Structure formats: structure tokens, C-alpha cells
Amino acid sequence: MSYPYQIHTPEEYHAAYRKSVNDPEAFWADIAANFYWRKRWDRVLDWNFTEPSIKWFSGAKLNITENCLDRHLGSLGNKPAIIWEPNDPEEHHRVITYRDLHAKVVQFANVLKNNGVKKGDRVCIYMGMVPELAIAVLACARIGAVHSVIFGGFSAQSIADRLQDAMATFIITCDGAFRGNKEIPLKSVIDDALVQCRFVKRVIVLTRTRTPVSMIKGRDVWWEDEIKKVETHGNPDCPAEEMDAEDELFILYTSGSTGKPKGVVHTCAGYMVYTTYSFVNVFQYHPGDIHFCTADIGWITGHSYIVYGPLGAGATTLMFEGVPTWPDAGRFWDIVDKYRVNILYTAPTAIRSLMSFGLGPIQDKDLSSLKVLGTVGEPINEEAWNWYHEYIGKNKCPIVDTWWQTETGGILISNMAGVTPGKASFATLPLPGVQPMLVDENGEELKGNGVSGNLCIRYPWPGIIRTTYGDHERCRLNYFATYPNLYFTGDGCLRDENGNYRITGRVDDVLNVSGHRIGTAEVENAINMHAGVVESAVVGYPHDLKGQGIYAYVIYSGTHGDENLTRQDITLTVSRIIGPIAKPDKIQFVTGLPKTRSGKIMRRILRKIAEGETENLGDTTTLLDPHVVVEIRDGKI
Ligand code: WTA
């Protein structure tokens, strides 16, 4: 595999960037020419950001799995596609070659067909990080079913909401998942979700933990039994479904500033081209390199940089079932040494957590195979950047600080490893094909360098969100209505004197907790479901490990005396409604919330108090009851 679109020098970067702005269609057509199409496109791009309507490679026919699997069989058939490291280091790891992976995807695609799954059907996948998760994702893509992967940490209620939103009638899950010293009863969570979702026709259950599960006749089947049925028919081929460029590939739910999570929709051709292009360029992948992305496939990072991007490039992708701190805090480094990993892509929260264990867990590790380090998910503080650079990269590995979002499909702003310079806590420069723009509150462009404002993108790239599932208006309002003719990211950003971008964090009511997006409104709704809670307001505050912690102000009228027990009850309620990732770190009981005369909660003040500010709380004169601020400040926990 060679990558004619791989950029190798700063000059090539600038030339590619210029071309991508002057003639975007020619730029992308050249890149797309390196993929396998059943039929080439009639038009490269049709777009307007007002509806929005964005179509890349219209008229083209393809199947993404032919690009991720079939086309590599000739030259890479015996090369590892997926290396899988189990949770328990004593258990055998697995190496799945491109030929094996192709065979397994075809086989499971036939299982899906036998179970009645058709093109366009939505399939929910709720599994741990086992290779069968990647196989399930690709098998859906093979037959044109739309996958909706749900992270294993979400609750039954969150699953039910997502199943209903997408009307997903098929589910693929495991009996349970191993994560560190925990066992997560996935099937049992699914069973709880299905009490509300009678429309689900089939649940396919993979054996992993062999924990007892209930299997309902006519609805639930075992993965292994279904595979046997296909095998007895001599393992027939499963020709890939011919997909239109703009047919839906998957839905992935993510939190916004209002209401329930929305289903971000990505489509086949643009997503394929963008993830592979960005993977090859940002990480400077070279054939034979081992790429280890530590994300979970339940998040966009796993979709784009464990599965589709690397496989599109014929790369070897390492999948890890466990957690960085089990059996001890040297686990990542053991994995790096065991497989001679070349590219390590992880999150600042993981780096900060591993830093807190000191240098002991690194002392006897080699780490000399590493060439490129990456981070994603939240701004990386300088201290963590320096530690990563010095102790993991031994001052010789470039760090790519990759900024992007579920909605962008792939990395938009990042240095390219060893090609364009990195700078601690800066994502640096846009990839060729990406046109960032900073605007002020009124949408006026902030030109020149040394400015900060709200980050927008003024021109489509192939990986851009197409719609929010079942509610296009929501997509328009969320991303395209704040500033006319611009995609609004929701992030604040600074452009320094050299034109480097530094993301400063969300400017809306979305928190970033350990790199996971959580809407404050979502957490408030969950807290308010607890009996006895009258009202609540949730804000973020700086947290040493998580980046942001969740601080909840709660008005409680219940009768039970013990405050700590009530806090635990509220926390458990949030766990049940959303999942453990949304649990508040701090709960402060208050008698009132600072509101304007029109009833709007002044979050700015609550944020300042949560951050520990005592003096400059800003103007409180417009509040209905300014005294409440003093009470809240003095009662801060
Ligand atoms: C934040 C994750 C600073 C940002 C791929 C964005 C970052 C949100 C970075 C998207 C980075 C992501 N530097 N902030 N390198 N990468 N973010 O949808 O606020 O889970 O809007 O996608 O994470 O989170 P999401």
C-alpha cells in the first residue's frame, strides 16, 4: 500500500493547503481516486450550509468494507489487520490478518442476513472491546445496515432512548465485558432497556465472560450458534452491498447543550475518504507500523482511528480490551513493548492519570519502538504534554494534538507528525481541506493573528456531519444556524501570532469530563428525576485528572436527614438514567439558585463559585434575589 496523498514536508503541506482552498473539488477528487469505487462520482461536491445539504461524491457507488478489506487481500492478506490485547495479560492475545478479518466479516454479515437484517436497518451494538465488536461494525457496513454503537458505560435508560430514537430493531451484544477487575453485565443491561423497547426483533449475544444471562425464546440467539448455521452451509461469500456515496453508514449519539443526545449521521463515501486521508497524514503512517489507539469503539475516536481509518489504509490496528491502570499503571507501556507499537494515540485524561503514579511504572519499560504520540478529546495542559514528550516519547517522538469532534468524522486541526511543528497545548494547523474561521459573538470574522473567538469552519470537508437522525432541523439549529453559512463547532479558540490554533474549551453548556462530552441539561434532567429534588443546576469545574468535573447545585425538599446518603442516592439516580460517566463529583444543597427576573439561571456565577472564586462573582444586581449568591458561596463544599 502506498499513499500518493501523504504529505512529507512543510512545503508539501503548504502547497496542498493552497490547492485545497483554491480548488477544493480537484483536491478531493485526487485523493478519492486512491480508493476502490464500483462506480466513480458524477460530482465531487454539492452543498449549502443553510438547509444544510452536503453531498460528497454524488453518484458514486461503493462499499466501505471493500476498501477496508477486499482490496488489501492481494498484497496484505497475511498481514495483521487487528491485534487484540485482552484485559487479562495472562490470556492469549489474538492476531487477525486481513484474510481472517475478511472471512469473519463475511461470515457474520451472513449471520445478520439470516437473522433478517436488511440494508438501511439500524443495528445497535453494545459490546466490550473484543475483536467481534469491530467485526460486527464491519459486517453491518458490508450489508448496508446502519450501525449505532453504544459505549458500554451507558445505562439501560440511555440505551432505550437511543434504540427508540433510531428505531433500531436489532442488537448485537455480549454476555458481559471485562474491564480491569470489573465485569460489566452487558446483556442484563440490554434486558432492562428492552422492557421499554418491544419493537426489538433480535438480540445476538457473544460469549465473553460466560456470566449467566437470560435468553428469551424467539428474540435472543447466541453469536456462536448463528455462526455454526452459516458454517454448515459451507461459509458462503457475502458480496458487499452496493452503496450510494451518501447512503448512511452509521449513527453515533453525542451530547449537546440541550435535551437528549443527538444521533450524528455519517455517510459512506465522504467518511471513508476523510478518515483514511487524515489517518495517513496526521500520524504519518508507514506500511508495517503498529498503531495503538486506546479509545473505545463506543466513541468516534474508536470508529475513525481504530476501525475505519487504519483499515482503509491497510494498517495494523491494536485493540485493547482493558484499562490503563490494571493490573497496574504500567499496562499501556507493557503493551507498547509487547507488540513494538509505533504510534500511540490516547487522551490527556489517561496521561494525567498515569502521571499521578510517578515514574515507577515506566522505569523498566523500553518504549523505543514508539515514533509518534497523539492526544485527543480535550485541551492538553502543558505539564501533561511535557511528561508525555519526555518520559514516553523520550524527547524524540512528535506529539500530534488532534482537535476534532463526533460531528467532524475525523481530525480537522492538528500538526502532522514530524512534518509540521507541534507546540505544547496547541492543535496548531488545519489539515489541507479544512478552512477554520474565528468569529466574535455577533458572527463578525476575526481576521489576522493573535485573536480569540468562536471556532467555525467555512467550507465542507468530506467527513462533515450530514444530519441528526430523524430530526434534520435539530442539525441545522445546532451547527448551522448560530452563524449564517458557517459550521459552528461550539468551541472557543485562539489563533496565535504564527497562525497556530489553540482550542480553549466549549463555549456552550457542554462539559468535557475525561474527554467525554456530557450536556449539563442532561445531567440536570437526571438529577431532577430523583424524588425530593426540586431543581438543580450543573456546571463544570477544573479537575486534576478528568479535566472537568461535574458540580451540581441541588434544591432538595425530601425528608431524609443524612445529607451524604442523599448525595449517594442522587448519584445513583444519575448512574441509572445516564450511566456512571455522568455522576456528579460534587453536590451542594442550596435553598435557591441565582436567577434573573425572567427566570434564567445565571450559570456564570455558579461556575465561578464552583471554580473557587469568592470575590469577583460579576454583576449580581440583575438577579431576582442577590442574597442567594452569598449563601451559595459560603456553603461551597
Ligand atoms: C474537545 C472527540 C482540545 C472539543 C474526537 C470538541 C479537544 C470535543 C480536542 C469533541 C483537542 C477534542 N484539544 N479540545 N485536541 N479534541 N476536543 O465529539 O471541545 O467526543 O468540541 O470528539 O472535545 O468531543 P467528541
Side-chain angles (χ1 to χ4, degrees), residues 149-151 153-154 250-257 261-266 271 274-275 278-279 282-283 293-306 308-309 345-352 373-382 384-385 388 399-416 422-431 434 436 452 454-457 463-465 468 478-479 482 487-494 500-520 540 546-548 581-582:
V149 184
I150 301 179
F151 174 62
F154 279 115
F250 67 84
I251 306 171
L252 188 58
Y253 285 84
T254 190
S255 294
S257 48
K262 38 192 186 293
V264 172
V265 173
H266 286 289
Y271 178 80
Y274 197 75
T275 51
S278 53
F279 171 74
V282 170
F283 300 104
C293 167
T294 70
D296 190 289
I297 295 179
W299 308 107
I300 191 70
T301 305
H303 282 61
S304 300
Y305 300 111
I306 296 178
Y308 288 112
Y345 189 31
T346 192
T349 186
I351 299 170
R352 287 192 301 265
L373 303 176
T375 78
V376 60
E378 56 178 309
I380 178 164
N381 47 314
E382 256 180 74
W385 194 98
Y388 199 30
I399 297 179
V400 288
D401 179 350
T402 65
W403 174 83
W404 59 296
Q405 312 178 294
T406 306
E407 295 85 348
T408 70
I411 298 163
L412 295 196
I413 304 182
S414 172
N415 48 320
M416 293 185 179
K423 180 173 178 186
S425 80
F426 278 75
T428 73
L429 298 175
L431 267 62
V434 176
S452 12
N454 291 344
L455 177 62
C456 295
I457 316 284
I464 190 174
I465 179 176
T468 43
N478 260 290
Y479 308 106
T482 316
Y487 166 79
F488 176 45
T489 64
D491 279 324
C493 182
L494 168 142
N500 284 311
Y501 291 86
R502 175 192 194 150
I503 311 300
T504 47
R506 304 286 307 193
V507 293
D508 53 8
D509 289 323
V510 172
L511 306 181
N512 191 329
V513 180
S514 299
H516 302 319
R517 270 164 71 170
I518 298 170
T520 51
K546 300 179 174 184
Q548 267 188 314
I581 54 171

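Fair warning: this is a prediction, and the values are worked out from it, not measured in the lab. As the structure lists them, so they are numbered: ligands from 1, and atoms in each ligand from 1.
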*Asks:* Using distance alone, decide if ligand 1 has a nitrogen or oxygen within less than 3.5 Å of any nitrogen or oxygen in Asp491.
*Replies:*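 Asp491 vs ligand 1: N/O contact under 3.5 Å present.
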
*Asks:* Among Thr294, Thr375, Thr301, which residue satisfies the side-chain hydrogen bond (donor to acceptor under 3.5 Å, both in side chains) criterion with Thr346?
*Replies:*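 The option that passes is Thr294.
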
*Asks:* Which is it for Tyr345 and Thr402 under the side-chain hydrogen bond (donor to acceptor under 3.5 Å, both in side chains) test, yes or no, and what are the steps along the way?
*Replies:* CA-CA 10 Å; Tyr345 189 31; Thr402 65; 2.6 Å; yes

*Asks:* Taking distance alone, with no angle check, do Thr406 and ligand 1 share an N/O pair under 3.5 Å?
*Replies:*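 Yes, since at least one N or O of Thr406 sits under 3.5 Å from an N or O of ligand 1.
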
*Asks:* Could you tell me which non-hydrogen atom of Cys493 sits nearest to which non-hydrogen atom of Thr504, and how far apart they are?
*Replies:*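 Minimum heavy-atom contact is N-OG1, 3.4 Å.
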
*Asks:* List ligand 1 atoms under 4.0 Å from Val376, heavy atoms only on the residue side.
*Replies:*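 This gives 5 (C) as the contact atoms.
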
*Asks:* With respect to atom 13 (N) of ligand 1, which of His303, Glu407, Glu378 exhibits the smallest heavy-atom separation?
*Replies:*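 Ranked by closest heavy atom to atom 13 (N) of ligand 1, first place is Glu378.
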
*Asks:* If we set the cut-off at 4.0 Å for heavy atoms, which region of Arg506 has an atom near ligand 1: side chain, backbone, both, or neither?
*Replies:*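 For Arg506, the contact with ligand 1 is made by the side chain alone.
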
*Asks:* Would you give the length of the straight line joining atom CD1 of Ile457 to atom CD1 of Ile413, rounded to the nearest 0.5 angstrom?
*Replies:*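 Reported value, rounded in 0.5 Å steps: 5.5 Å.
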
*Asks:* Distance from Gln405 atom CD to Ile411 atom CD1, nearest 0.5 Å?
*Replies:*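 Here the rounded value is 13.0 Å.
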
*Asks:* Distance under 4.0 Å to a non-hydrogen atom of Thr301: what atoms of ligand 1 satisfy this?
*Replies:*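 Those of ligand 1 that fall under 4.0 Å from Thr301 are 5 (C).
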
*Asks:* Say whether Arg517, considering both its backbone and side-chain N or O atoms, lies within less than 3.5 Å of an N or O atom on ligand 1.
*Replies:*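 Looking only at distances, the answer is yes, because the N/O contact criterion of under 3.5 Å is met.
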
*Asks:* Check each atom of ligand 1 against the heavy atoms of Ile300 and keep those under 4.0 Å away; list them by number with element.
*Replies:*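 The list of qualifying atoms is 5 (C), 22 (O).
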
*Asks:* When you measure from atom 15 (N) of ligand 1 to each heavy atom in Thr408, Thr254, Asp401, which option holds the nearest one?
*Replies:*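 Among Thr408, Thr254, Asp401, the closest heavy atom to atom 15 (N) of ligand 1 belongs to Asp401.
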
*Asks:* If we ignore hydrogens and angles and just use 3.5 Å, is the side chain of Thr489 paired with the main-chain N or O of Leu455 as donor and acceptor?
*Replies:*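 Indeed, once roles are kept as given, a pair shorter than 3.5 Å links the two residues.
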
*Asks:* List the steps and the verdict of side chain to side chain contact (heavy atoms under 4.5 Å, CB included) for Asn381 and Arg352.
*Replies:* CA-CA 9 Å; Asn381 47 314; Arg352 287 192 301 265; 3.4 Å; yes

*Asks:* With backbone taken as N, CA, C and O and side chain as the heavy atoms from C-beta onward, which portion of Val510 lies under 4.0 Å from ligand 1: side chain, backbone, both, or neither?
*Replies:*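 For Val510, no heavy atom sits under 4.0 Å from ligand 1.
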
*Asks:* Minimum distance, heavy atoms only, to atom 12 (C) of ligand 1: which one of Trp299, Trp404, Tyr501 is it?
*Replies:*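 Of the listed residues, Trp404 has the closest heavy atom.
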
*Asks:* Below 4.0 angstrom from a heavy atom of Asn512, which ligand 1 atoms are there? Numbered from 1 as shown, please.
*Replies:*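 Every atom of ligand 1 under 4.0 Å from some heavy atom of Asn512: 1 (C), 23 (O).
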
*Asks:* Look at the rings of Tyr305 and Phe283 and say which category their plane angle falls in: under 30° parallel, 30 to 60° tilted, over 60° perpendicular.
*Replies:*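 The arrangement is perpendicular - the two ring planes meet at more than 60°.
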
*Asks:* Would you say the side-chain atoms of Thr520 pair up with the backbone N or O of Asp509, donor to acceptor, closer than 3.5 Å?
*Replies:*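 Yes, the answer is positive, given that a donor and an acceptor are paired below the 3.5 Å cut-off.
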
*Asks:* For ligand 1, which is the ligand I care about here, please tell me if Gly377 has any N or O atom under 3.5 Å from one of the ligand's N or O atoms.
*Replies:*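 So ligand 1 has an N or O lying under 3.5 Å from an N or O of Gly377.
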
*Asks:* Looking only at N/O atoms, are Thr402 and ligand 1 under 3.5 Å apart anywhere?
*Replies:*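 Among all N and O atoms of Thr402, at least one is under 3.5 Å from an N or O of ligand 1.
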
*Asks:* Using heavy atoms and a 4.0 Å limit, tell me yes or no: is Pro379 in contact with ligand 1?
*Replies:*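 Yes, Pro379 has heavy atoms under 4.0 Å from ligand 1.
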
*Asks:* May I ask you to list the atoms of ligand 1 that are less than 4.0 angstrom from any heavy atom of Ile503?
*Replies:*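 In order of numbering, the contacting atoms are 3 (C), 14 (N).
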
*Asks:* CD1 of Ile581 to CZ of Phe154: how many Å apart, nearest 0.5 Å?
*Replies:*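 One gets 4.0 Å once the value is rounded to the nearest 0.5 Å.
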
